[in-house]
Protein chains: 2
Amino acid sequence: MAATKVTLKDVAARAGVSYQTVSKVLNGEMQVAPETMARIQAAVQELGYRPNRIARNMRAGRSFMIGYSWTQTEPGQVNHILDQFLSSMVREAGVVGYYVLPFPFLEGNEQVEIYRDLIRSGNVDGFVLSSVNYNDPRIQFLLKQKFPFVAFGRSNPEWDFAWVDIDGTAGTRQAIEYLIGRGHRRIAILAWPTDSRVGNDRLQGYLEALQTAQITPEPEYILRGEGTFEVGRAMTLHLLDLPAERRPTAIMALNDTMAIGAMAAARERGLTIGTDLAIIGFDDAPMVQYLVPPLSSVRQPIAEAGRKCVELLVALVEGQTLAQKHVLLQPSLIIRASA
Amino acid sequence: MAATKVTLKDVAARAGVSYQTVSKVLNGEMQVAPETMARIQAAVQELGYRPNRIARNMRAGRSFMIGYSWTQTEPGQVNHILDQFLSSMVREAGVVGYYVLPFPFLEGNEQVEIYRDLIRSGNVDGFVLSSVNYNDPRIQFLLKQKFPFVAFGRSNPEWDFAWVDIDGTAGTRQAIEYLIGRGHRRIAILAWPTDSRVGNDRLQGYLEALQTAQITPEPEYILRGEGTFEVGRAMTLHLLDLPAERRPTAIMALNDTMAIGAMAAARERGLTIGTDLAIIGFDDAPMVQYLVPPLSSVRQPIAEAGRKCVELLVALVEGQTLAQKHVLLQPSLIIRASA
DNA sequence: ATCATAAAGGCGAACGTTCGCCTGGCAAGA
DNA sequence: TCTTGCCAGGCGAACGTTCGCCTTTATGAT
């Protein structure tokens, strides 16, 4: 089917040396006479030789693969993260001689079994984990196995492992500080259930910003629920139906989908978004700039996170001690007309 | 670092047979006494043996990997395709014992070099191509190399290769027929430059629907440009500034981003979308359901396409003759309030 | 003339599989 | 008793690398 494979032996035969010599020369592990060198290089060129990666890995006892899987979003949700994150991982991995191996994501214990299989079959040298949360069974498993991995996201504080995360607290804090700076005092937040580490981190920024401004957090301004459009809309309707003097003048949502729900609710109540009610989202999904009005949101340096994950992981795999085991990246607030 | 690898020899030693026998038994290529079988299975279980994939591939002379790369979208654009497409490929590949190997996408000749390298190094057994267009150099190269691949998208009609595509013509035709059925006669289309195969296919559906309805296509209703928000907006402003009796009552855009631009333009001219002006997009990006009004759009069976690509490719790689070399999937029109 | 040294390159082995062929033993038929 | 055939399993080889050690020849110092 494909052109027959060119091996070291073919190159060696043409260059008139042993194949081991070719190997060493190509890997720069040996001094040879200049003419020999030239003959070898010519043979490589003419035959189009490339080292067989499988054989190399076989010998090395490693796969030079980084396992990665992600939660597939349900239809109607976007995973605008994936493209950036995966692209940057693939690129960075390529630079240091690795590949990224995507594998299916399953929930619960089955997922751990997949990790176990990939390890045992020698398929991967390490993992990058996404969608990390408290008590993540994958982390627990990998720690026990002492198998190299880097988590994109934090988990239980008592667990000691390498992670890269985006400072959700800072993102929200920045947004809330902006709202306060614009004169808002009654600021509500559409938050997530307490079992979400990401949600709690982001909520924390809200509390910190209020505290700094010496505003007492009102429990009725902190609503929790799933991060969907419908939930965001329902929560906002509830907030807008509070008596006028308690009704919030600004709403921050922990993701854009909820923020869009909030915008819908505001419109239903006849409010002008941006003037009657300020709304800020989180994630800066690609389309929110085209909403009416364009949604302010917190943008995360996803590509940078992907790069860092690979960098840390490769260091771990190669047995280096990490200069920094934790990387916390700063998001940035993108202000548009909605706030 | 990781637990020491368990090999066939370890299993064999524990079961008291030769390692080759273990191999054959596990692969079902040999009959053995029931007790032997039991001993082997017990040993496998107790030691947690999994065949080493690299060694297996080495022996097989194949990688069981499917190469895939995609064009990373510029910031501000969504690649809502990737998640679905890649997930379904990974899943389907897993079922038949393959993995998907993502690699960086580069433009032009460099890209072909990457393909060449991946082939020569034995990294992949085949490719799935995305973002295919006319005169695609990758297709040209792979055809010449006789290396297995499946394209997601069509290219030059004279080239003979396996592809999976979504029937863009049918998608647009369906949308235009819907508009005609709603009484629209002056229907404009925001199309793409003529060098886009996808764009031309979709445009074709527009022409066909008009012809069926015996409406003469007006050149001034067929606008071409890049598929961005700004272009969509500018084109629409131009259309809306036509004299009242020539102004279109409906606009179809070849992607959602342009459709969103059209919505912005309509709003700028004070038109009510859905009643004064019907707008339909293409792609059904996840967020368009939340626009105001929700955007009607053509939805593509992306996951199905990913599955089919893998199915065809694996058949090719394994040397089977394909029952069907071309798969054309039908998109569906999702009607919302914008049209 | 002798010996150590370095340069240039060869050689065998190993990584963990799978594949094809071989063998020893046993039962049944002639 | 001898052959035939089958069952259960063993054995060597090979895939394409890399690694460690060995050999040969030339060079220079003693």
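In this text the structure is predicted, and so the values were computed from the model without any measurement. So you know, we letter chains A, B, ... as the sequences are listed, proteins then strands, and number each from 1.
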5'-most contact on DNA chain C: A:Y19 or A:Q31, nearest heavy atom basis? A:Q31
Above 12 or not: heavy atoms from other molecules or residues under 6.0 Å from CD of B:Q31? no
Using OP1 and OP2 only, check whether a side-chain N or O of A:N52 sits under 4.0 Å from D:dC15. no
Between A:Y49 and D:dT17, is there a side-chain N or O to OP1/OP2 distance below 4.0 Å? yes
Nearest-Å distance for atom pair NZ/C1', residues B:K24 and D:dG9: 8 Å
By nearest atom, which of the nucleotides C:dG16, D:dT17, C:dG10 is closest to the A:V17 side chain? C:dG10
Verify the contact: side-chain N or O of B:T36 to OP1 or OP2 of D:dG9, cut-off strictly under 4.0 Å; return yes or no. yes
C:dG10 OP1/OP2 closer than 4.0 Å to side-chain N/O of A:S18: yes
Please indicate whether A:R39 has more than 12 foreign heavy atoms, meaning atoms of other residues, nucleotides or ligands, lying under 6.0 Å from its CZ. yes
Looking only at side chains, do A:D83 and A:S87 share a donor and an acceptor under 3.5 Å apart? yes
To the nearest Å, how far apart are A:N27 CG and D:dG20 P? 13 Å
How far does the helix from C:dA1-D:dT30 to C:dA30-D:dT1 bend, going by the axes of its first and last five pairs, to the nearest 10°? 60°
Comparing B:M37 with A:L8, nearest DNA chain D nucleotide closer to 5' gives the residue B:M37
May I ask you to decide if the ring planes of A:Y115 and A:F103 are parallel, tilted or perpendicular, using 30° and 60° as cut-offs? perpendicular
So do the side chains of A:R197 and A:V132 get within less than 4.5 Å of each other, counting heavy atoms only? no
So A:P301 and A:I166, do their side chains get closer than 4.5 Å, heavy atoms only? yes
Please check this pair: side chain of A:N156 against backbone of A:N135, looking for a donor-acceptor N/O pair closer than 3.5 Å. yes
A:R56 has an atom CZ; how far is it from atom C1' of D:dC19, in whole Å? 14 Å
Specify the separation, in whole Å, of atom CD1 of B:I54 and atom C1' of C:dT17. 12 Å
Less than 4.0 angstrom between a side-chain N/O of A:T21 and OP1 or OP2 of C:dG9, yes or no? no
Under 4.0 Å, heavy atoms only, any strand: does A:S23 hit a base, just the sugar-phosphate, or nothing? base
Could you check how far CD of B:E29 sits from P of C:dC21, rounded to whole Å? 14 Å
Would you indicate whether the side-chain heavy atoms of B:S130 and B:F105 approach each other to under 4.5 Å? no
Value in whole Å for how far the P atom of C:dA8 lies from CD1 of A:I40: 12 Å
Just say parallel, tilted or perpendicular for the rings of A:F152 and A:F85, cut-offs at 30° and 60°. parallel
Where along residues 57-66 of chain A does a heavy atom come under 4.0 Å from DNA chain C, residue by residue in number order? A:M58, A:R59
Per A:Q20 side chain, nearest of listed nucleotides C:dG9, C:dT17, D:dC19: D:dC19
Determine which pairs satisfy side-chain hydrogen bond (donor to acceptor under 3.5 Å, both in side chains) with at least one residue from residues 98-113 of chain B, sequence neighbours left out, and list them in order. A:N123-B:Y99, B:R62-B:Y98, B:S69-B:Q111, B:Y98-B:E318, B:E113-B:R116
Between P of C:dG20 and CE of B:M30, the distance in whole Å: 14 Å
